[in-house]
Amino acid sequence: MKANPAPLLLLSVCFSGVYLLSHVEELKTQERLFLSSLGLSARPRPAASLQARRHVPSALWKMFRRSENIQAQESDPCTVSEYGVRGNIIRYVQDQGRLVSGWSSCQLCVEKQLFFNMSVLQPVELLSLAQLEIKFLWKPFSHTELLQGPRALSVSLYKVIRATLRGANAQGNRRLLLSQSVQLQPDPASITLDLTSLADSWRKPGRNYGLILELLPLSVDPEELLPFRPGNSLPLDPAYTLPLVQASLVAVSLNPHQCRSRQRRSAVHLPVSPSNVCKARRLYIDFKDVGWQDWIIAPQGYMANYCHGECPFPLSESLNGTNHAILQTLVHSLDPHSTPQPCCVPIRLSPISMLYYDNNDNVVLRHYQDMVVDECGCR
């Protein structure tokens with residue numbers, strides 16, 4: 001009687017499914033471990049599409065390229081020299097505020113809420129700097145519109161102390177942080193303000209009510225100023241191709257677990273060697289191969305390298321062996337079954353820098369130590 005192959009086939013499919021499932025779980029575990037070593041609790045999944053993502057600020061590109069410059073590798077990766085503070089993480093936190101009206105007694109004023117989500121910082125991070133950058137962009141279609149529009153703005157910035165019901169008088173719930181005038185030109189004007197202590201308090205639950213930016217046009221006939229007429233809540237005009245105001249918060253923080261006092265060293269690109277003696281071998285990690293190209297901006301990959309090979313007796317000077325390793329190879333040569341050879345391990349490593357998007361589409365520059373194997377030795 002011929003056996004029915006269906007149960008065997010079904011059993012084979014079940015075993016294959018279990019194997020694939022366990023393999024996927026193992027890959028997920030390895031991914032979590034690697035992300036944890038990068039100081040990330042999970043894989044970032046930016047909300048915006050690749051086309052709609054935020055432009056990388058030129059200042060971050062400059063810092064990233066400087067960190068990639070071989071001549072700059074001897075600098076401290078845990079100090080941001082551009083701002084003169086300690087840190088290994090630089091974020092451009094984008095404004096999530098909205099346009100508001102009815103808060104001000106000034107009829108021609110326009111107010112905008114600025115809100116920066118500071119929960120993107122992990123609890124272990126120490127905030128070193130939070131610098132507010134506000135750009136005022138003026139780009140009408142013609143020179144005539146520039147002459148007829150406001151030539152200056154009176155700018156007032158308030159911190160909101162507590163939440164207010166819609167339509168209620170909020171004057172007592174905010175405090176003035178800055179007041180100054182800004183000249184509007186075809187080139188953007190800007191204001192910077194240090195908000196480190198305030199931004200640090202925003203990290204506590206229930207303390208972040210954001211800021212209010214109040215704009216008042218100067219030296220203009222109110223009848224000519226359509227965007228700023230009473231009741232008009234938008235400081236935008238169809239004639240403009242750019243918004244009037246762009247705000248971002250540069251947050252520099254330090255993860256003390258990822259910053260130790262070590263000198264930066266230039267990465268060594270090693271040739272492939274067929275020798276079985278302990279030495280550094282080439283290993284290039286391509287972020288596209290692991291499916292991370294959707295959140296990592298730069299680099300596309302890096303030369304990580306690895307250590308591999310034997311530590312034979314007698315240990316030569318080129319194998320960078322310690323006295324202990326030299327004695328261990330001697331004992332191993334006499335009794336190889338009871339004493340193993342020393343291990344081939346990294347003895348000199350160098351850092352890399354990464355630009356990426358977080359879950360809130362903020363652009364982050366982060367410096368990581370000990371990511372590239374430069375030299376191996378027997379230990």
Side-chain angles (χ1 to χ4, degrees), residues 31-32 34-36 38-65 67 80 82-83 87-100 112-125 127-137 188 190 192 195-196 198-200 202-203 205 208-211 213 234-236 241-253 255 287-288 290-301 352-368:
E31 183 183 52
R32 282 195 298 268
F34 186 62
L35 289 170
S36 177
L38 296 180
L40 301 172
S41 57
R43 178 185 185 276
R45 297 187 182 277
S49 64
L50 286 171
Q51 293 78 12
R53 277 185 196 157
R54 192 179 175 203
H55 174 69
V56 179
S58 58
L60 274 188
W61 273 121
K62 289 179 182 177
M63 284 187 270
F64 174 76
R65 291 183 180 121
S67 69
V80 183
E82 287 80 0
Y83 295 104
N88 65 328
I89 309 168
I90 305 102
R91 292 180 175 88
Y92 266 66
V93 185
Q94 60 183 335
D95 172 29
Q96 299 178 6
R98 67 188 190 282
L99 294 162
V100 294
K112 185 184 186 306
Q113 181 195 37
L114 304 180
F115 185 86
F116 302 99
N117 181 10
M118 296 303 290
S119 68
V120 296
L121 275 72
Q122 295 178 326
V124 71
E125 295 178 39
L127 184 64
S128 303
L129 175 72
Q131 180 173 285
L132 177 67
E133 296 183 356
I134 305 174
K135 290 184 178 180
F136 301 90
L137 307 175
S190 62
T192 59
L195 295 181
T196 306
L198 178 59
D200 203 28
W202 285 344
R203 301 177 66 181
N208 189 358
Y209 296 110
L211 307 166
L213 185 67
L234 295 176
L236 299 169
T241 58
L242 290 175
L244 184 64
V245 176
Q246 287 183 347
S248 60
L249 189 72
V250 181
V252 180
S253 60
N255 186 329
F287 292 128
K288 189 175 182 179
V290 293
W292 288 358
Q293 72 279 5
D294 62 332
W295 61 276
I296 294 180
I297 304 169
Q300 296 179 349
I352 66 166
S353 298
M354 282 175 50
L355 265 175
Y356 63 90
Y357 295 104
D358 67 10
N359 289 326
N360 292 276
D361 295 324
N362 299 315
V363 182
V364 184
L365 173 62
R366 195 159 183 168
H367 306 302
Y368 292 104

message = Applying side-chain hydrogen bond (donor to acceptor under 3.5 Å, both in side chains), can you list everything that pairs with R43, at least two apart in sequence or on another chain?
response =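 Residues passing side-chain hydrogen bond (donor to acceptor under 3.5 Å, both in side chains) with R43: D294.
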inquiry  = Please enumerate all residues that pass side-chain hydrogen bond (donor to acceptor under 3.5 Å, both in side chains) together with N359, with sequence neighbours excluded.
reply    = none
Which pair of non-hydrogen atoms, one from [X] and one from [Y], has the smallest distance, and what is that distance?
| X | Y | value |
| --- | --- | --- |
| L249 | A199 | CD2-CB, 4.4 Å |
| D95 | A247 | CB-O, 3.5 Å |
| S248 | Y92 | OG-CD2, 4.0 Å |
| P46 | D361 | CB-OD1, 3.3 Å |
| V363 | H55 | CG2-O, 4.2 Å |
| I134 | L114 | CD1-CD1, 4.4 Å |

How long is the gap from [atom1] on [X] to [atom2] on [Y], to the nearest 0.5 Å?
| X | Y | atom1 | atom2 | result |
| --- | --- | --- | --- | --- |
| I90 | E82 | CD1 | CD | 7.5 Å |
| D200 | S128 | CG | OG | 9.5 Å |
| I89 | S253 | CD1 | OG | 4.0 Å |
| I296 | F287 | CD1 | CZ | 4.0 Å |
| Y356 | R366 | OH | CZ | 4.5 Å |

ask   = Charged N to carboxylate O under 4.0 angstrom, R203 versus E125?
value = no
key: Under the ring-ring contact (aromatic ring centres under 6.0 Å, His included) test, residues paired with Y209 that sit two or more places apart   = none
task = In sequence, state the C-alpha distance, the side-chain angles, and the governing distance for L198 and L211, and then conclude on side-chain contact (heavy atoms from CB on, under 4.5 Å).
result = CA-CA 10 Å; L198 178 59; L211 307 166; 3.9 Å; yes
ask   = Are the side chain of N360 and the backbone N or O of N362 linked by a donor-acceptor pair below 3.5 Å?
value =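 Not confirmed, N360 side chain does not pair with N362 backbone.
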Quick check: do [X] and [Y] have side-chain heavy atoms less than 4.5 Å from each other?
| X | Y | answer |
| --- | --- | --- |
| H367 | I352 | no |
| V245 | K135 | no |
| F116 | L195 | no |
| L121 | R91 | yes |
| F64 | P299 | yes |
| L355 | V364 | no |
| M63 | V80 | yes |

request  = Flag yes if more than 12 heavy atoms outside Q96 fall under 6.0 Å of its CD atom; otherwise flag no.
outcome  = yes
task = Determine, stepwise, if the pair M354 / I297 fulfils side-chain contact (heavy atoms from CB on, under 4.5 Å).
result = CA-CA 8 Å; M354 282 175 50; I297 304 169; over 6 Å; no
message = Taking the ring of W295 and the ring of Y357, is the distance between their centroids below 6.0 Å?
response = no
